[in-house]
Each structure stands twice: as C-alpha cells, then as structure tokens.
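Right, one structure below, let's go through it.
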Amino acid sequence: MSSIGTGYDLSCTTYSPDGRVFQVEYATKAVDNSGTAVGIKVKDGVVMGVEKLVMSKMLEPGSSRRIFTVDEHIGVAVAGLSADGRHLVKRCRSDAVDYRDFYQDSIPVHVLTDRISSYVQAYTLYSELRPFGCSLLIAGWDVKGPRLFMVEPSGISWGYFGCAIGKGRQACKTEIEKLNLKEMTCREAITEIAKIIEMVHDDSKDKTYELELSWVCEESQHKHTLVPAELREQAIKSAKAALEDEAMTE
Amino acid sequence: MAEEHGREGEHMTGTSIIAVAFDGGVVLGADSRTTTGSLIANRVTNKIQPVADNIFCCRSGSSADTETIADYVTYILKIHCSETGDAPTVHTASTLFRQLCYQNKQLLANIICAGWDEIDGGSVYTVPLGGTLVKAPYAIGGSGSTYIFGYCDAHYKPGMTREETLDFVTKALTFMMARDGSSGGLIRTVVVDKDGVHRSMIPGDKLFRVWVG
C-alpha cells in the first residue's frame with residue numbers, strides 16, 4: 001500500500017506522474033501511527049473513544065487530552081500530531097463562536113465540518129506550509145439529530161455511522177461493521193467502544209493506555225461531554241469481562 | 001433630520017405596516033404611499049418584499065435604506081442556505097436584518113420580518129430603529145402605527161384563525177390610513193403558510209368606511 005514518491009514528494013506543489021500529492025499522503029502516515037480513535041453514531045447519540053497511549057508513569061491521568069469540546073453541542077477527537085490537532089480545535093472553537101455571534105444560532109455540525117475541511121485543504125496548496133498531520137472525528141447534535149464526520153489531512157471529509165482513525169483503524173472498522181448501530185443506545189455503545197479499543201490495543205508493542213470516552217446524546221441533553229466517571233468505569237469492566245468470556249469460549 | 005446627510009427630498013415611507021402570526025402562518029399588511037416631503041411619490045408602492053420564498057419583510061423609514069437592507073438580507077440568506085443546505089428560517093432572516101441595522105446606525109429603518117418555516121411555524125420579528133430584535137405574536141410599525149396601539153391592545157387576541165387574522169390586519173390598516181397623512185392608497189396583504197404565499201390587494205375606495213362625522 002505504501003509507495004515511495006522519490007523526486008515527486010518534496011513539496012505540496014508537486015504532483016507525481018500518477019496524479020498524487022505525496023506530502024499529503026505522508027501527512028496521513030502521521031495519523032496512522034497514532035493511538036486509535038473511534039466514533040459511532042447510534043440511535044440516540046454519538047459516542048467517541050480514544051486509545052490514549054501513556055508515554056510515562058509520571059503523567060497525571062486525564063492530562064494530554066485528545067477529545068475536546070468545541071461548542072456546547074459538538075466535540076472533536078484528534079489522531080495524529082497532537083499539536084496540529086490543538087490548532088485545529090482552536091480553529092473549530094473560533095468558527096463555532098463566530099457563527100453563533102453572527103447568526104444567533106448554534107453551528108450545524110456539517111457546516112463546521114465543511115469550514116474546517118476547507119481550512120485543512122488550504123494547507124495542502126503551498127510549499128511554504130506543511131499539511132496538518134492529524135485527522136479529526138467531529139461528533140455533534142444539531143437540528144438533524146446526531147451527526148458524525150471525519151476530516152483527514154487532505155481536507156476530505158465524509159459523514160459516517162462508524163469511523164476509526166489511527167493505528168488500529170482496520171481492526172476497529174471490522175468490529176464496527178458487526179454492530180447493529182441503528183438499534184443500539186449510547187449506553188450500549190460505550191461498552192462496545194471500550195471493548196473495541198481494548199481489542200485493538202497491542203500490549204506487546206505499546207505501553208498502557210488510558211481510555212478517553214465522550215458522548216453527545218439524549219442523556220447528556222444534546223451537549224458534548226466526557227462520559228461520566230462511573231459509566232466509564234462500568235464500561236471498561238464490562239468490556240474486559242466480555243473479552244475474557246469470548247477468549248474462554250474460543 | 002431628513003436634511004442631514006443629503007437626505008433632503010428623500011423618499012420616505014411614512015407608513016402603516018403590520019404583521020400578525022396565526023397557527024400555521026403569518027399575515028403581513030401594508031399601505032401603499034411613498035412620500036417625498038408632501039408629494040406622494042408613489043401611491044401604489046409595494047412595501048412587502050420577499051427575502052426568501054417563505055419569508056417577507058414590511059419596510060418603513062427611508063425607502064432607499066430599507067430596500068438596500070432587504071436586498072442584502074436576501075443575498076446573505078441565499079449564500080447561507082446554500083452552505084447549510086437547509087431552507088431559510090425566519091429567525092435567521094430577522095437576525096440578519098438586526099445585524100445590518102445595528103451595525104449601521106445611520107440607517108433609518110424600521111422593519112418587520114415575518115414568514116413561515118418548518119421549525120417555528122409562523123413567526124413575526126420586529127427590528128425598530130436602533131437595531132434591537134424582538135419576537136412577538138404581532139407587530140405594527142411606521143408613522144401610522146402610533147394611532148392604533150389602543151385599537152390593537154383592545155382587539156388583538158391570541159389563537160385567531162387565518163380569516164380572523166386577515167380581518168384584524170385589514171381593519172388595523174384602515175384605521176391607520178384614516179388618521180395618518182403619510183399613509184394611504186391601497187392595502188396590500190400577504191399570507192404565508194406551509195402551502196405557500198397568497199398575495200392580495202384592497203383598493204382604497206373599497207375599504208370599510210371609518211366614521212368621519
């Protein structure tokens with residue numbers, strides 16, 4: 001799948017003979033090397049989970065966040081270069097509040113996604129700027145109900161029922177496809193996400209991880225928040241138990 | 001005040017405008033007189049302008065200012081809706097009127113924005129001179145409105161049907177035009193509901209006779 005674009009990969013302003021912009025593809029590699037982020041849109045909301053790899057035992061739990069609230073009703077999960085992600089989150093927050101100031105209304109999720117995609121795409125046009133090395137999962141609730149989008153370094157964005165980015169994304173996607181998302185509730189989704197991330201986490205290659213979970217749903221009054229601590233603990237326990245059961249029956 | 005900023009001899013809509021919401025839509029009404037000093041520059045003016053298929057505004061104040069503001073709102077609304085992919089809402093249109101009026105205080109505009117959308121049904125917003133935004137069950141504006149505050153207080157009631165609302169609007173305009181020298185001509189009404197727009201007109205000599213002694 002990966003190919004080297006020798007000679008055609010030095011800048012964003014160069015196409016390869018087969019029509020690729022390699023710098024943008026290399027930016028996507030930065031995303032693929034990061035801890036997995038998953039989002040699923042279910043009957044009553046959207047849940048996002050991030051496999052936050054713990055680099056050192058000295059780190060305070062809950063620091064170095066990868067899920068951010070950008071407006072009351074919208075949250076963003078980041079995979080890739082976290083500093084780039086922080087910049088895009090800042091931009092999302094600013095877009096959301098400017099929209100609210102002018103239109104006196106909360107920004108629809110797909111409008112925010114479109115604007116941030118255009119912003120990301122602008123950084124793929126010039127040789128003096130590098131593309132953003134991060135992908136965003138954007139989860140929110142607006143007049144159309146629960147919404148989930150993903151923006152990648154090229155500036156492409158799609159709407160999803162279920163989406164995964166980062167190193168475990170292939171395995172995650174396989175698991176998500178097995179789920180019946182239309183009938184699932186957010187409470188069930190939390191456990192499923194905890195399970196999926198536990199499954200794709202590679203203990204041998206990586207150190208421990210912290211699971212960051214957030215949702216925007218009926219229960220959270222359509223506001224994006226981190227999943228309450230007790231529910232999160234419960235989900236992690238159920239996930240581990242379910243996986244042990246499955247391991248034993250195999 | 002008309003003499004400032006080169007406004008001498010400017011077209012003014014000394015006006016009677018009104019908009020009333022009912023369950024399922026709104027009725028907008030206006031007179032048809034535009035004056036330049038004591039000359040009636042236009043006696044068949046249309047002061048009710050669409051800014052979208054389902055949203056209209058009644059204009060009073062300076063004709064030039066209000067026409068331009070309404071044109072800007074139409075333009076911004078169109079672009080906004082093609083970005084969001086959704087139909088325009090009365091709330092958004094009214095907010096745009098307010099932004100323009102508030103940020104440009106030198107404009108002389110008193111605008112009533114009303115229409116029907118799927119989210120709020122029929123709604124009426126008024127943007128008076130300073131650029132505040134007020135949502136109300138009904139709104140009256142223009143120089144003629146000063147004469148019928150008591151009439152509206154006495155005769156408006158919530159929960160009117162479409163016919164009762166049209167009748168209320170027509171009577172209110174008749175009384176406004178009977179006492180305000182800057183209002184007159186004919187009555188134009190626009191009814192907006194989920195099925196669309198219905199425009200109507202009552203010539204000045206067909207209005208019911210107000211007792212003149």
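Chain A is the first sequence line, chain B the second, and so forth, proteins listed ahead of strands; every chain is numbered from 1.
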Under 6.0 Å between the ring centres of A:Tyr123 and A:Phe132?
yes

Review item, side-chain donor-acceptor pairs of residues 83-95 of chain A, under 3.5 Å, at least two apart:
unit_1, atom_1, unit_2, atom_2, d
A:Asp84, OD1, A:Arg130, NH2, 2.9
A:Asp84, OD2, A:Arg130, NH1, 2.6
A:Asp84, OD2, A:Arg130, NH2, 3.4
A:Asp84, OD2, A:Gly133, N, 2.8
A:His87, NE2, A:Tyr119, OH, 2.7
A:Arg93, NE, A:Thr69, O, 3.0
A:Arg93, NH2, A:Thr69, O, 3.0

Measure distances from B:Glu83 to the heavy atoms of chain A and classify the residue's part below 4.5 Å as side chain, backbone, both or neither.
both

Proximity breakdown for A:Asp101 and chain B, heavy-atom pairs closer than 4.5 Å:
backbone

Between B:Phe168 and B:Tyr151, what is the ring plane arrangement, given parallel below 30°, perpendicular above 60°, and tilted in between?
parallel

Measure the acute angle between the ring planes of B:Tyr75 and B:Tyr72, then classify it against the limits of 30° and 60° as parallel, tilted or perpendicular.
perpendicular

Heavy atoms of B:Leu28 and B:Ala114 approach each other most closely as CD2-CB, 3.9 Å

Strictly under 6.0 Å, is that where the ring centroids of B:His80 and A:Tyr103 end up?
yes

Heavy-atom distances under 4.5 Å only: say whether B:Thr84 touches chain A with side chain, backbone, both or neither.
both

Proximity of residues 153-164 of chain A to chain B, residues having a non-hydrogen atom under 4.5 angstrom:
none

Going by atom types alone, do A:Glu51 and A:Thr36 pair a side-chain donor with an acceptor below 3.5 Å?
yes

